[in-house]
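Not measured: the values here are computed from a predicted model.
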Amino acid sequence: MEKRELYDSFVQLEADTKRMLARIDEMQTDMTQILERNAELEIENQHLREHLQEIQSEEVERQQATKQQEQTPQLSKSRANLEKLYEEGFHVCYLMYGSRRIDDEPCAFCLDVIYGERH
């Protein structure tokens, strides 16, 4: 009976070992899937952080541009029209009003009329 019990113990041990190996294989498969998913999420997280940083940078730039526009005095409608004429190549100063600027050279008098401060 002793040999029979010993044999049964080995059979039981073999069955237990097979179950344990199957369980270890399942755990290994699950761990592999978890690690792959973790790597995917880390990459996605990095991309989202980069995108968020781009959005925040654009927002800061937009706020700075808005602040700069608020600080820059806006031209009146008449001065904006004079600026448009000047950019099209015509003098808007008192001395040479309406004549063409040669090679679009700058004219200090015209610039004073457009951007100068009037009291």
Side-chain angles (χ1 to χ4, degrees):
M1 193 84 154
E2 223 174 85
K3 290 180 183 181
R4 179 73 178 161
E5 287 177 8
L6 185 60
Y7 179 76
D8 289 342
S9 294
F10 275 117
V11 169
Q12 183 63 36
L13 183 61
E14 182 183 10
D16 290 345
T17 305
K18 285 181 181 178
R19 278 196 307 269
M20 191 180 300
L21 283 173
R23 179 71 180 130
I24 289 173
D25 190 45
E26 281 179 33
M27 289 174 67
Q28 185 179 14
T29 302
D30 291 346
M31 183 59 98
T32 301
Q33 290 175 350
I34 289 171
L35 291 174
E36 287 174 356
R37 181 67 176 147
N38 187 35
E40 290 172 3
L41 291 174
E42 285 179 356
I43 291 170
E44 182 180 359
N45 193 12
Q46 182 62 33
H47 288 162
L48 290 172
R49 285 180 187 196
E50 290 170 0
H51 184 65
L52 179 61
Q53 189 173 7
E54 289 174 11
I55 291 172
Q56 288 173 340
S57 296
E58 290 171 0
E59 179 66 24
V60 167
E61 289 173 6
R62 190 167 46 85
Q63 287 175 352
Q64 288 174 346
T66 303
K67 187 183 288 185
Q68 200 173 41
Q69 284 179 347
E70 290 172 356
Q71 292 174 351
T72 304
Q74 297 295 321
L75 294 176
S76 66
K77 190 174 181 179
S78 59
R79 286 189 179 199
N81 286 335
L82 290 175
E83 181 183 47
K84 183 178 175 186
L85 287 171
Y86 181 77
E87 288 173 357
E88 289 176 0
F90 294 98
H91 280 279
V92 294
C93 60
Y94 303 113
L95 301 173
M96 301 180 72
Y97 184 83
S99 61
R100 245 221 198 267
R101 292 185 297 132
I102 300 170
D103 297 326
D104 289 330
E105 83 280 359
C107 175
F109 299 113
C110 291
L111 294 174
D112 184 53
V113 169
I114 296 170
Y115 302 112
E117 292 185 25
R118 302 285 181 230
H119 298 289

Chemist: Side chains of Lys84 and Glu88, heavy atoms from C-beta outward: is any pair under 4.5 Å?
Modeler: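 In contact.
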Chemist: At what distance, to the nearest 0.5 angstrom, does CG of Leu48 lie from CD of Gln46?
Modeler: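 Reported to 0.5 Å precision, the distance equals 9.5 Å.
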Chemist: Indicate the atoms forming the closest heavy-atom contact of Tyr86 with Val92, along with that distance.
Modeler: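 Looks like N-CG1, 4.2 Å.
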Chemist: Does atom CD of Glu26 have more than 12 heavy-atom neighbours from other groups under 6.0 Å away?
Modeler: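 Result for CD/Glu26: enclosed.
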Chemist: For the CD1 atom of Ile34 and the CG atom of Leu41, what is their distance to the nearest 0.5 Å?
Modeler: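 One finds 11.5 Å between CD1 of Ile34 and CG of Leu41.
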Chemist: From Arg19 CZ over to Asp16 CG, what is the distance, rounded to the nearest 0.5 angstrom?
Modeler: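 It is 4.5 Å, given to the nearest 0.5 Å.
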Chemist: Would you give the length of the straight line joining atom CG of Asp30 to atom CD of Gln28, rounded to the nearest 0.5 angstrom?
Modeler: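 Taking CG in Asp30 and CD in Gln28, the distance rounds to 10.5 Å.
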Chemist: Would you say Tyr94's side chain and Val113's backbone share a donor-acceptor pair under 3.5 angstrom?
Modeler: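 Side chain of Tyr94 to backbone of Val113, a donor-acceptor pair under 3.5 Å: no, none is there.
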Chemist: Supply the atom-to-atom distance Arg62 CZ to Gln64 CD, rounded to the nearest 0.5 angstrom.
Modeler: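 CD of Gln64 is found 12.0 Å from CZ of Arg62.
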Chemist: Indicate yes or no: does Glu14 engage Lys18 in a salt bridge with an N to O separation below 4.0 Å.
Modeler: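 So Glu14 pairs with Lys18 through a salt bridge.
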Chemist: Would you mind reporting whether His47 and His51 have side-chain heavy atoms less than 4.5 Å apart?
Modeler: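 The answer is no, as the side chains (C-beta and beyond) never meet within the 4.5 Å cut-off.
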Chemist: If you compare all heavy atoms of Glu83 against all heavy atoms of Ile114, which two are closest, and at what distance to 0.1 Å?
Modeler: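 The pair with the smallest heavy-atom distance is CA-CD1, 3.7 Å.
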Chemist: Just verifying a value: how many Å separate Leu82 CG and Tyr115 OH, rounded to the nearest 0.5 Å?
Modeler: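 That separation rounds to 10.0 Å.
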Chemist: Counting only heavy atoms not in Glu50 (residues, nucleotides, ligands), do more than 12 fall under 6.0 Å from its CD?
Modeler: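 Yes, because the 6.0 Å sphere around CD of Glu50 holds more than 12 heavy atoms from other groups.
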Chemist: For a 4.5 angstrom cut-off between non-hydrogen side-chain atoms, does Arg101 reach Phe90?
Modeler: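 A side-chain contact under 4.5 Å is absent here.
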Chemist: Which heavy atom in Asp104 sits nearest to a heavy atom in Gly89, and how many Å separate them?
Modeler: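 Taking every non-hydrogen atom into account, OD1-CA, 3.5 Å.
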Chemist: Shortest non-hydrogen contact from Gly116 to Arg79?
Modeler: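 Nearest pair, atom of Gly116 first, then Arg79: O-NH1, 2.6 Å.
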Chemist: Does the side chain of Gln12 pick up a donor-acceptor pair with the side chain of Asp8 at under 3.5 Å?
Modeler: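 The answer is no; no qualifying pair exists.
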Chemist: For the residue pair Gln56 and Val60, establish whether any side-chain heavy-atom pair is separated by less than 4.5 Å.
Modeler: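 Result no, sub-4.5 Å side-chain heavy-atom pair not found.
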Chemist: Which heavy atom in Cys93 sits nearest to a heavy atom in Phe109, and how many Å separate them?
Modeler: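 Residues Cys93 and Phe109, closest heavy atoms: CB-CB, 3.5 Å.
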Chemist: Glu59 vs Gln63, test: side-chain hydrogen bond (donor to acceptor under 3.5 Å, both in side chains). Steps then yes/no.
Modeler: CA-CA 6 Å; Glu59 179 66 24; Gln63 287 175 352; 3.2 Å; yes
